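So you know, we letter chains A, B, ... as the sequences are listed, proteins then strands, and number each from 1. The model shown is predicted, which means the values in this text are computed figures rather than measured ones.
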Amino acid sequence: MMAQANGHAQTQGHEHGHDGHHDQEELRQFGFWIFLITDVILFGTLFATFIVLRGNTAGGPGPELFELGGIIASTFILLTSSFTSGLAVLAMNRGNKQGLIGWLIVTALLGLSFIYLEVTEFTKLVHEGANMGTSAFWSAFYTLVGTHGLHVSVGLVWMTALIIQLARRGITPVTKRKVNIVSLYWHFLDVVWIFVFTIVYLMGVM
Amino acid sequence: MKETPAFKRVAAIFAVIGLGLITSGCANLIVLDPKGPIGEQQKDLIWFTIIIALLVFIPVMALTAFIVWRYRDKPGNKAPYIPDWEHNTKLEAIWWGVPILIIIVLAVVTVRYTYALEPSKPLGSKEETLTVQVASLDWKWLFLYPEQGIASVNYLQIPEDVPVKFELTSDAPMNSFWIPQLGGQVYTMSGMAMTLHLQADEPGVYMGSGANFSGAQFGQMKFDAKATSQAEFDEWVASVKQTSPSLTAQGYQKLAQPGVSEVLSFSSFPEKLFQKIVNKYVESEKKDGAEPSKNAEGPSPDVKQSGTSHANH
Amino acid sequence: MLEKIKSFASEFFVTGDPLILGAQVSIGLTMVALVITLTYFKKWGWLWREWLTTVDHKRIGIMYVIAALLMLFRGGVDALLMRTQLAMPNMQFLTPEHYNQIFTTHGVIMILFMAMPLMFGLFNIVVPLQIGARDVAFPFLNSLSFWLFFWGAMLFNVSFVIGGSPDAGWLAYPPLSGKMFSPGVGQDFYNWGIQISGIGSLMTGINFIVTILKMRAPGMKLMKMPMFSWSVLASSATIIFAFPILTVTLALLMLDRTFGTHFFTLDGGGNPMMYINLIWMWGHPEVYIVILPAFGIFSEIVATFSKKKLFGYKSMVFALMSISVASFFTWVHHFFTMGSGANVNAFFAVTTMVIAIPTGVKVFNWLFTMFRGRISFETPMLWTIGFIVTFVAGGLTGVMLSVAPADFQLHNSYFLIAHFHQVLIGGVAFGYFAGLYYWWPKVFGFKLNEKIGKWAFWTWNIGFYLTFMPQYLVGLDGMTRRVSTYGWDTGWFGLNLTSTIGAFIMGLGFLFQVWQIAHSVKFMQRDTTGDPWNGRTLEWSIPSPAPLYNFAVVPRADEQDPWWEEKKRREQGLPPAPAQPYEPIHMPKNSPIAFIKSFCWFVAGFGFVWGWYWMAIPGLIGVGVCMLVHSFTYDNEYYIPVDEIKRTEAALRGTV
């Protein structure tokens, strides 16, 4: 009755759990959900900042510099990459290592092109005279969109590291958990981007 | 320890301090000795909250003292000991209920007074309102009298029984304009004009200060607020007009430089100076990306954006 | 060349103040002495293996507590310097500039580098033991949190001797804290120091939420969990919602200062009021983050020292959680005077008052835990009773301040200063002291000397009331906070002098505590029972200090006070639960990565402060490399074999 110390004697629900990889990996995934809450607050604060400062162009250029074409393209790319990361997880659940790595590479490449487009857009905006110090509007814009971009970039490095680990170790409870978390992170960034797209770009041009 | 249990000493300390609080002549404390209608109502409100607080504090402390004494762990203590007694719906309902009632009373009073004492609300008075524009600078107070056309630094004079409308702004980090005996403070902030209505009911010299920290010499931002009869006030205006120099745009730029100042007065000031201070940062940077001017010297008075920049100190 | 070096040095080091020079010399000497001692006793390896790389929650807890006590010393010295300057009118002890730095660092250090780490120290020491777990959910992350806090605190403190301390107030309102009005590096030290340690706090919040929700001993339902663990859950939940706001706010201020953005500037369309809103959206919950665990501590202590079950358990839980939620809806009461209008002020005044309700309920529940109990007055209980008196009064002055129209007269005055010191010292500091005294024997295996402890208690209390009661009065007499001097004509002399004397008595109380610890280390008897206070919860069921793995066999907890009930059963002569066989215990391995990574953050932060990208960028790369290395490390766990558990347990329980 006491001492189900070694792990898998599931008494009830969340009791216990220190031993064995299975529990450990479940904990980490749960922890990551909590982390995502903090990231939601972080982005929420940045969005609030952006909305407060949206009109403050200080007589300088404003959202008329946005070019929706490129933005729609990058939106599509990111949405697709979210889909392919889902395919990677499906492949993993079928135990298909090759498929998993393949789809992760596709996801990473799509992510990379998203970053490329974003950097191009920023460069163009800077050339048109809108940099971080131009006005409060642009400060908030670059910070919000840039923070999302930074998240995507971190995700790319992370994904690359994970691909190497998968190639070396195959699908284990640990790598499985890592793939699940990365994919969760990626979907999350996708959702954040939808808000960026709507609040920053669509509401900017409209 | 057994001879002097914790609560006894604490209670003793409290009794002394509490008595001190009441007897040491709260009347001498300037917030509780107001000389104007706003300060008067705030004083009443503060006393009201003190009474409510004591109504809570005294019974709770008495209860604490009683429990701590009665249930102390002493051989032969006859008080009941029921180690598993951990819940009683009736009792808990009482101490959820009573605080709720107290807070409701307090909330109703607070909300009413919040609207009644909203600082931007004019005071009802037969007298015509006097407008004084106030700017907090680094580290001095500038008072502009638009109707009289005069200005002063670190000195405020107003006629008694006349409602005064203070328009507040800042040409420096945010500060807070506070004359405790007339009434509560309001922040002064760059780029904004806030309103505060006060009135002095009797002549006297009242302490005024900047209540919000604004940098190195912020402690020096004190001024005397002198309430006099209307006749004396008019006399003062006239003498300032005759004897004081005028404040030029250039003079203002100099005045706005960081530093402390003594009491000054000016027979005139640049037109719409207050609005210019408020609007200093509006549309400051045009598309050509001109930096806000860094030259404190030689600004032309017609250009809005001639201001001093603090970047060079 | 020499000239260049000279001018650099004069900007780099803070020079010209004898006080600071003295501090620099003594810091230098201490460091040399430390290095010599460690080398002489060949303790470098020990320090590295046993402490710097440890992932054991108990050791991390101890390090938090030590760091917090050191910071308490520094923050306390700051306070005494300020009180000395204010003892007499027109004092010339500190210049206004120096005074501004000191009240800024005093505030930051006491809240962020004293209260927070002391709190985290208690989280770490107590929570896993109390819920019957072998460690926190993420032991590596836990050590990373500590080292981020540590290096963040170091970065902040180093500004004292290098570059100059921040001087824009503890919450650094712009535009004063912007580049325009604070061009020096002090404010940058503030941004980076708090940012780095704040990320650590955020991760601790996540860690303890998962630990508490997922790692409780079998049978321990949430509604049977010890109240301290509940308070940690409430506090951690508040952390994860509040700290991201701080992260963003400081990042934006940093961008303003370093990269010329216009979030909070006066020009370029910036909005300084937004900063004030944001910082208080974090700052108000922050004070509840530190007070909630103190409530938990008192709940444990009151029950233990009244030898009675905690009264109104469900009310207590509900009160904790509602305080945690409500704390997010009161931030505007920090600036009723900013002209938000009557509607906004009325709303936030009422939300603020509402918090008084659950808080009041808690006080009654503590009182009725004592009611029909048997109260003994050991030091933890003394601090608890001292707390009840102090905190009730402090809470009531808080209610006075929440009355918005009255607040126009009290805001920014010493009345406010007295209020928040009364709740922070009377609530938080008293609470953590009580917790330290209570759990000290669990951590170190011996109690602290009661007699010196009582001296400390009384000097602290008397000092406290002497310091802060006059401040209420001088506030009502129009004295505003942060003024570095005042004139004879103000009539504030007597009250200020009393306050200063009180502050030094509190300082004496601190010295008593230091003496108490030193004396107890030397003379106190070992506690061989593991349960010196006749405790109620699981942490008292194991030997003190707890073995590395905490519980040789994972315990069961079907009741609210499992250890108390177990002791009762034993008294009645019921047979103890049958002994369970030992099994190998799965443990995390130590790791140097957390220490190194946090140090890289320190380097990066230092580089950014000075605008030295040659230093900042390698620092950031170091952080990235550490993350990757950690990700590629798979061999980070091991098993403690049964034989070793048997040996350890036999040694620990041999004397029982």
ask   = Please, which pairs that meet salt bridge (Lys or Arg N to Asp or Glu O under 4.0 Å) have at least one residue in residues 42-63 of chain B, sequence neighbours excluded?
value = E40(B)-K43(B)

ask   = Hey, does F213(B) have a side-chain heavy atom less than 4.5 Å from the side chain of F103(C)?
value = yes

request  = Please state whether the side chain, the backbone, both or neither of A404(C) comes within less than 4.5 Å of a heavy atom of chain B.
outcome  = both

message = Does any backbone or side-chain atom of W85(B) lie under 4.5 Å from a heavy atom of chain C? Answer side chain, backbone, both or neither.
response = both

ask   = Is a donor on one side and an acceptor on the other found under 3.5 Å between the side chain of T188(B) and the backbone of S170(B)?
value = no

remark   = If one checks every heavy atom of M189(B) against chain C at 4.5 Å, the contacting part turns out to be side chain

inquiry  = Within the structure provided, determine whether L416(C) and L410(C) are in side-chain contact (heavy-atom separation under 4.5 Å).
reply    = no

ask   = Based on non-hydrogen pairs under 4.5 Å, which of M479(C), M338(C), K314(C), K179(C) is most in contact with chain B?
value = M338(C)

inquiry  = So for F218(B), is it side chain, backbone, both, or neither that comes closer than 4.5 Å to the heavy atoms of chain C?
reply    = side chain

query = Between S209(B) and chain C, which part of the residue has a heavy atom less than 4.5 Å away: side chain, backbone, both or neither?
reply = side chain

request  = Under 4.5 Å heavy-atom distance to chain B, tell me which part of W492(C) shows up: side chain, backbone, both or neither.
outcome  = side chain

query = With only heavy atoms counted, which part of L106(B) is less than 4.5 Å from chain C, the side chain, the backbone, both or neither?
reply = both

ask   = Given a strict heavy-atom distance threshold of 4.5 Å, which part of I104(B) is in contact with chain C: side chain, backbone, both, or neither?
value = neither

message = Please classify the contact between Q185(B) and chain C as side chain, backbone, both or neither, with a heavy-atom cut-off of under 4.5 Å.
response = both

key: When F371(C), W366(C), Y486(C) are compared by non-hydrogen pairs under 4.5 Å with chain B, the top option   = F371(C)

note = Assert top hit (heavy-atom pairs under 4.5 Å, partner chain B, pool Y99(C), F335(C), F364(C)) equals F364(C)

query = Can you name the salt bridge (Lys or Arg N to Asp or Glu O under 4.0 Å) partners of D84(B), sequence neighbours left out?
reply = K568(C)

Largest heavy-atom contact set with chain B, pairs under 4.5 Å, which of W564(C), F368(C), Y173(C), F415(C) = F368(C)

message = Counting only non-hydrogen atoms closer than 4.5 Å, does L310(C) touch chain B with its backbone (N, CA, C, O), its side chain (CB onward), both, or neither?
response = backbone

query = If only atom types and distance count, is the side chain of Q220(B) paired as donor or acceptor with the main-chain N or O of W139(B) below 3.5 Å?
reply = no

